[in-house]
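Below is one structure, written out as structure tokens, with a few remarks after it.
Only a predicted model underlies this, so the values are computations on that prediction, with no experimental measurement involved. Computed over heavy atoms, backbone and side chain alike; hydrogens, waters and symmetry mates excluded.
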Amino acid sequence: MRHSNGIRRAALTTTAITAVAAAVTGILPGTAMAASTTTATPPPTCAASALQVSAWQAAHPPVGTGTGAAVVQFTNTSRKTCVLKGHPTVAGAGNGSPSHNTPLKVTTTGRATTVTVRPHAKAWLKLTFIQVQGEGDGYCVSGKAPKAFPTMVIGLPRSGKHQVALNDGWWAECDNKVTATPVSSVKPS
């Protein structure tokens with residue numbers, strides 16, 4: 001009998017300790033305590049106003065005499081880290097005006113991932129156009145007339161549209177089509 005009294009006392013002591021712990025933590029006896037789920041809030045999407053956009057002809061364009069391919073760079077000019085994600089929309093801005101845009105059909109390549117862009121850091125994407133052939137006015141293999149734009153309007157999901165000129169000429173393309181990579185933390189060539 002002595003043995004059973006010791007067990008009862010141990011059980012009562014355990015129950016009392018559990019009750020005190022429940023009172024201190026606010027957890028009721030018999031309920032499970034969840035693991036801590038404290039996580040840092042992810043950075044917000046980069047606002048259009050946080051980005052400076054520039055573009056230049058890619059080092060490895062397709063064969064031809066037009067733009068062929070261009071690298072577009074997004075620099076975070078804000079003081080806060082933000083994120084970019086997705087494939088762009090692309091439109092040629094006739095006469096340098098967004099109101100005269102010619103939307104291009106975008107074929108996407110690669111899988112979009114979230115790119116964290118710290119203040120003054122950069123992210124990139126690459127645009128590859130159907131190349132203008134020949135010299136002078138050039139021609140399109142399709143028979144359509146080539147187009148040249150002083151600027152392109154590049155849009156990113158939830159990060160606005162940005163009108164950008166090439167740093168070395170006009171944007172020239174055929175058939176109003178472009179292939180685009182998603183925005184990336186790796187600079188394309």
Side-chain angles (χ1 to χ4, degrees), residues 35-93 98 101-133 140-142 144 146-149 151-189:
S36 175
T37 56
T38 304
T39 57
T41 303
T45 300
C46 298
S49 61
L51 298 172
Q52 178 183 36
V53 184
S54 57
W56 58 88
Q57 291 191 38
H60 302 288
V63 176
T65 57
T67 304
V71 174
V72 181
Q73 176 177 279
F74 299 88
T75 303
N76 180 359
T77 59
S78 76
R79 295 181 183 190
K80 296 184 179 181
T81 297
C82 57
V83 297
L84 295 172
K85 183 177 181 179
H87 290 87
T89 59
V90 182
N101 283 357
T102 300
L104 276 62
K105 182 180 183 315
V106 177
T107 300
T108 60
T109 62
R111 186 172 149 252
T113 59
T114 301
V115 177
T116 302
V117 190
R118 299 191 188 294
H120 308 291
K122 299 166 180 20
W124 299 269
L125 59 84
K126 185 174 182 177
L127 303 175
T128 304
F129 299 91
I130 295 177
Q131 186 68 300
V132 176
Q133 304 297 312
C140 296
V141 172
S142 66
K144 294 182 180 178
K147 292 194 178 173
F149 301 99
T151 58
M152 285 282 179
V153 179
I154 313 295
L156 281 179
R158 295 172 302 285
S159 292
K161 294 182 178 184
H162 308 272
Q163 189 166 347
V164 62
L166 280 174
N167 69 353
D168 51 358
W170 280 38
W171 303 82
E173 57 87 24
C174 286
D175 304 336
N176 293 334
K177 295 178 182 178
V178 63
T179 300
T181 66
V183 68
S184 171
S185 60
V186 178
K187 184 177 178 180
S189 58

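- To the nearest 0.5 Å, the span separating CZ on R118 from NZ on K80 amounts to 15.0 Å.
- With respect to T179, the side-chain contact (heavy atoms from CB on, under 4.5 Å) criterion is satisfied by exactly one of I130, T107, V106, V90: T107.
- Each of L125, L156, T113 was evaluated against L84; a single residue qualifies, L156, per the side-chain contact (heavy atoms from CB on, under 4.5 Å) test.
- Panel note: side chain H87, backbone G110; a donor-acceptor pair is recorded below 3.5 Å.
- The heavy-atom pair separating T45 from P157 by the smallest distance is CG2-O, 4.2 Å.
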Checklist entry - Hey, mind stepping through L127 and L104 against side chain to side chain contact (heavy atoms under 4.5 Å, CB included) and telling me if it holds? => result CA-CA 11 Å; L127 303 175; L104 276 62; over 6 Å; no
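- Side-chain atoms of Q52 and T77 form no donor-acceptor pair, as typed in the model, at a separation below 3.5 Å.
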Item to check | side chain to side chain contact (heavy atoms under 4.5 Å, CB included) evaluation trace for H162 with L51 | outcome: CA-CA 9 Å; H162 308 272; L51 298 172; 3.9 Å; yes
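- Nearest approach of T89 to K161, heavy atoms of both residues: OG1-CE, 4.4 Å.
- For S159 against C46, the heavy-atom pair with the smallest separation is OG-O, 2.8 Å.
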Checklist entry - Where do V178 and M152 land on the side chain to side chain contact (heavy atoms under 4.5 Å, CB included) test, with the steps shown first? => result CA-CA 12 Å; V178 63; M152 285 282 179; over 6 Å; no
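- Side-chain N or O atoms of K126 include one that pairs as donor or acceptor with a backbone N or O of S189 at under 3.5 Å.
- Between the Q73 side chain and the S54 main chain, no donor and acceptor come within less than 3.5 Å of each other.
- Remark: the backbone N or O of S78 is paired with a side-chain donor or acceptor of N76 at under 3.5 angstrom.
- Under a 3.5 Å cut-off, the side chain of T114 and the backbone N or O of K85 do not form any donor-acceptor pair.
- Distance check, rounded to the nearest 0.5 Å: OG1 of T75 to NZ of K122 gives 4.0 Å.
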Item to check | Steps toward side chain to side chain contact (heavy atoms under 4.5 Å, CB included) verdict (V164, W171) | outcome: CA-CA 10 Å; V164 62; W171 303 82; 4.1 Å; yes
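- A distance of 4.0 Å separates NZ of K147 from CG of N176, quoted to the nearest 0.5 Å.
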